[in-house]
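Notes to accompany the following structure.
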Amino acid sequence: MSEPVVVRVAPSPTGDPHVGTAYVALFNYAYRRKRGGRFILRIDDTDRSRYDAGSEEQILGTLGWLGIPADEDPEHGGEAGPYRQSERTDLYRAACDELIAMGAAYRCDCTKERLDAVRAEQRKNKQQPRYDGHCRERNVPADSKHVVRLKVPTEGEITFKDGLRDAITIACEQIDDQVLLKSDGYPTYHLATVVDDHKMGVTDILRAEEWINSTPKHVLLYEAFGWPLPRYYHLPLLRNPDKSKISKRKNPTSLLWYRENGFLPEALLNFLGLMGFGFSDDREEFSLEEFVDAFAPEKIKTSQPIFDLTKLEWLNGVYIRKLDTETLVDRLRELNPMAAAADRALVAQIAPLTQERMKRLTEFDELTEFFYVDRVSVSYDDLLPKKRTDTNTAAVLRQARQVIAESDTLDVEALEAALRAVAEESDWKARELFTALRWSITGKKISPPLIESMCILGKASCIERIDDAIDVLGNPANPIIPEAT
RNA sequence: GACCCCUUCGUCUAGCUGGCCUAGGACACGGCCCUUUCAAGGCCGCGACACGGGUUCGAAUCCCGUAGGGGUCGCCA
């Protein structure tokens, strides 16, 4: 029986579901699929001052939206629970007692004021700010208000392996006597992650690079407990365009934002997979399954990628174009109020016209607004092609109107042919006619394919809009104002 | 500042067991084609091995140094 390889991602419940969380989760998920074992989602909620119960569901829900299923998590349970660290405090306390008994940790009752003063002094002397060891040998009583600190060796160094890099060595002087248990009885990340990872059977850890410097503290804990070290893989940090660590101020970092702004989960996932990972065959578009298939931890890059929204938008367009009409209409109606209010069958007719024109699903309403209103407004200047008179233009539009009025039903091919004939008879370029017509029908310079749009709109509406345009040409000061709908 | 990590086109990257690299692909950008607008699509173009030393017949690929960027230095994770 082989030992299960288990990887985990620990979403913080403090704040929005973060794109960095999804990034780490994706790689953990792929790793677990490739290596076997269980993929655990644990809730790091030991910072009670920032804890927000609502965001826990948001994170779990968003990872579900992305299609990254955990084998075990607080919602679905599993053999290694509970999965909320706030429900495991007894474990951490017991672990601390053990550490204190063996001399690997100690109680400390230094006040915030004293610590601040010590650090200020150290900074003034250009020393590295760190705990000065005041309580190391003081034997602070257990019934006083205190924290528990890790007793880091005063000399020597800690070396650990990272699956993506050469061995990393950090001198003990660089390692602070980390607080393991806070005075409120909750553990810090360092204690909690080591205790939980061990108790939950976690043998392989993929986490963000920002943890590299605190890994020696974790190594010290594993050694004190006599537990086998896990394998570490520190993933590169996602960055803003200005190269700093990805942040809310400079980049949308909330997964909710991406969902609300018309991004498809498969596009986001694909994009995240592109960051810090390269297929040897130059592939750019891939599904989760294909990513898992190609995944190998050794192929993860160590340089930190910049999160490029422009490329994500392109990729999102690619995925929008792949959608079948039914799915497209569903997604569109989730995010576009006008489309949601309109008849579903109508939206299903319109949607294909815009499918290859959208980078985000949220662009749909603006692109197709003219379908839902009775009339559109258009100005005299827009309507008039260069070097044409208003009377001439009105005459040509009148002919187009007649062609439409005389046809039984509007058919794309027939209508286009008829309109081209109108242009030719009037010695107009087809382009001129279509532009004038486009303004008349849509009220815009740019629109979805004109003929198709007209056929969907129907005879009556087209005629009415052309009549409005002809009126404008005869009365330049009064553009048509759409009626309130 | 100290320590740690990183360094191929503006961005994401291929390359990394040295020669197939006058460095390939994608996004973006510019041009052309297609075309009723805008897209989509097709073609072309612009554009990088941070720098300096080595090792070698030969280095983007190995070594050293420098520079630059990022991260960490909390009773946050």
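Residue numbers start from 1 in every chain, and the chains themselves are labelled A, B, ... in the order their sequence lines are given, proteins ahead of strands.
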TODO: For A:L115 and for A:A171, locate the closest nucleotide of RNA chain B by heavy-atom distance; then report the residue assigned to the nucleotide nearer the 5' terminus.
DONE: A:A171

Open item on the list: In whole Å, measure the gap between the P atoms of B:rC46 and B:rG24 for me.
Closed with: 11 Å

Open item on the list: At less than 4.0 Å, is any side-chain N or O atom of A:R123 found next to OP1 or OP2 of B:rG1? Yes or no.
Closed with: no

TODO: Anything under 30° is parallel, anything over 60° is perpendicular, the rest tilted; go ahead and classify A:H218 against A:H190.
DONE: tilted

- [ ] Determine, step by step, whether A:T327 and A:R331 satisfy the side chain to side chain donor-acceptor pair (under 3.5 Å) criterion, reporting the C-alpha distance in whole Å, the side-chain angles of both residues, the deciding distance to 0.1 Å, and the verdict.
- [x] CA-CA 6 Å; A:T327 312; A:R331 297 285 163 278; over 6 Å; no

TODO: Could you check how far CD of A:E413 sits from C1' of B:rU36, rounded to whole Å?
DONE: 15 Å

Open item on the list: Near RNA chain B, counting only heavy atoms under 4.0 Å, which residues of residues 174-193 of chain A show up?
Closed with: A:Q174, A:V179, A:K182, A:S183, A:P187, A:T188, A:Y189

TODO: Quickly, which of A:R119, A:R114, A:Q127 forms a side chain to side chain donor-acceptor pair (under 3.5 Å) with A:D132? Name it, please.
DONE: A:R114

Open item on the list: Please report the distance separating the C1' of B:rG70 from the corresponding atom of B:rA26, rounded so that it comes out in whole Å.
Closed with: 25 Å

Open item on the list: Using a heavy-atom cut-off of 4.0 Å across all strands, would you classify A:E298 as base, sugar-phosphate, or nothing?
Closed with: nothing

- [ ] With heavy atoms under 4.0 Å as the rule, sort A:T46 into base, sugar-phosphate or nothing.
- [x] sugar-phosphate

Open item on the list: Counting only side-chain heavy atoms from C-beta out, which of B:rA14, B:rU37, B:rA77 sits nearest to A:S280?
Closed with: B:rA14

TODO: Provide, to the nearest angstrom, the distance between the CZ atom belonging to A:R48 and the P atom belonging to B:rG74.
DONE: 24 Å

TODO: Classify the nucleic acid contact of A:T169 as base, sugar-phosphate or nothing, counting any heavy atom under 4.0 Å across all strands shown.
DONE: sugar-phosphate

Task: Integer angstrom distance from the P of B:rG71 to that of B:rG52 - done: 28 Å

TODO: Please measure how far the P atom in B:rC29 lies from the corresponding atom in B:rU11, and state the result in whole Å.
DONE: 16 Å

Task: Nucleotide paired to B:rG1 in any strand shown, Watson-Crick or G-U, under 3.5 Å - done: B:rC73

- [ ] Searching all strands shown, indicate the nucleotide that pairs with B:rU36 (Watson-Crick or G-U wobble; both distances under 3.5 Å).
- [x] none

Open item on the list: What's the gap between B:rA39 and B:rA77 when it is taken at their P atoms, as a whole Å value?
Closed with: 49 Å

TODO: Indicate whether the side chain of A:N270 and that of A:E285 have a donor and an acceptor atom separated by less than 3.5 Å.
DONE: no

Open item on the list: Output one letter per nucleotide in nucleotides 61-70 of chain B: B when a protein non-hydrogen atom lies under 4.0 Å from the base, S when only the sugar-phosphate is that close, - when neither is.
Closed with: --------SS

Task: Counter-base of B:rC27, judged by Watson-Crick or G-U geometry with both distances under 3.5 Å - done: B:rG10

Task: Nearest-angstrom distance, P atom, B:rA59 to B:rU22 - done: 12 Å

Open item on the list: Students often get this wrong, so: under 4.0 angstrom with heavy atoms, is A:R165 touching a base, only sugar-phosphate, or nothing?
Closed with: sugar-phosphate

TODO: Using the C1' atom as the reference point in each nucleotide, state the distance between B:rU7 and B:rC49 in Å, no decimals.
DONE: 10 Å

TODO: Quick one: label A:C110 by what it contacts on the DNA or RNA (base, sugar-phosphate, nothing), any heavy atom closer than 4.0 Å.
DONE: base

Open item on the list: Name the residue from A:K217, A:K151, A:R149 that meets the side chain to side chain donor-acceptor pair (under 3.5 Å) definition with A:Q178.
Closed with: A:K217

- [ ] Would you indicate which nucleotide in B:rA14, B:rU37, B:rC75 comes nearest to any side-chain atom of A:R438?
- [x] B:rU37

Task: salt bridge (charged side-chain N to carboxylate O under 4.0 Å, His left out) pairs, two or more places apart, involving residues 424-453 of chain A - done: A:R388-A:E432

- [ ] For A:R431, answer base if it contacts any base atom (sugar-phosphate contacts may also be present), sugar-phosphate if it contacts only those atoms, and nothing otherwise; contact means non-hydrogen atoms under 4.0 Å.
- [x] sugar-phosphate

Open item on the list: Does A:P241 reach a base, just sugar-phosphate, or nothing at all? Heavy atoms under 4.0 Å.
Closed with: nothing

Task: Closest nucleotide among B:rU36, B:rC5, B:rC12 to the A:I168 side chain - done: B:rC5

Open item on the list: Rounding to an integer number of Å, can you tell me how far A:K301 NZ sits from B:rA60 P?
Closed with: 17 Å

TODO: Starting at atom CH2 of A:W314, determine the distance to atom P of B:rA40, rounded to an integer number of angstrom.
DONE: 11 Å

- [ ] State which of B:rA77, B:rC12, B:rU7 makes the closest approach to the side chain of A:T302.
- [x] B:rU7

Open item on the list: Quick check on contacts: within residues 354-368 of chain A, what sits under 4.0 Å from RNA chain B by heavy-atom distance?
Closed with: A:E356, A:R357

TODO: Measure from CD on A:Q128 to C1' on B:rG71 and round the result to the nearest Å.
DONE: 14 Å

N/O contacts under 3.5 Å, protein versus nucleotides 21-25 of chain B?
residue: B:rG24; atom: N2; partner: A:D282; partner atom: OD1; Å: 2.8
residue: B:rG25; atom: N2; partner: A:E284; partner atom: OE2; Å: 2.7

- [ ] Looking at every strand, decide which applies to A:R130 at a 4.0 Å heavy-atom threshold: base, sugar-phosphate, or nothing.
- [x] nothing

Open item on the list: Could you tell me how far apart A:F307 (CZ) and B:rC27 (C1') are, to the nearest whole angstrom?
Closed with: 14 Å

Task: C1' gap between B:rA50 and B:rA60, integer Å - done: 12 Å

TODO: Could you check which nucleotide pairs with B:rG47 in any of the strands shown, counting Watson-Crick or G-U wobble with both distances under 3.5 Å?
DONE: none

- [ ] Please report, rounded to the nearest Å, how far the C1' atom of B:rC75 is from the NZ atom of A:K217.
- [x] 12 Å

- [ ] For A:D308 and A:T310, indicate whether the former's side chain and the latter's backbone hold a donor-acceptor pair under 3.5 Å.
- [x] yes

Open item on the list: For B:rC57, give the paired nucleotide (Watson-Crick: N1-N3 plus N6-O4 or O6-N4; G-U: N1-O2 and O6-N3; both under 3.5 Å), or none.
Closed with: B:rG19

TODO: Could you identify which residues of residues 420-430 of chain A place a heavy atom less than 4.0 Å from some atom of RNA chain B, listed by residue number, or say none?
DONE: A:R420

TODO: For the pair A:F286 and A:F291, name the ring-plane relationship: parallel under 30°, tilted 30 to 60°, perpendicular over 60°.
DONE: parallel

Task: Between B:rG10 (C1') and A:D308 (CG): distance, integer Å - done: 9 Å

Open item on the list: Over 60° means perpendicular and under 30° means parallel, so tell me whether A:H234 and A:Y232 are parallel, tilted or perpendicular.
Closed with: parallel

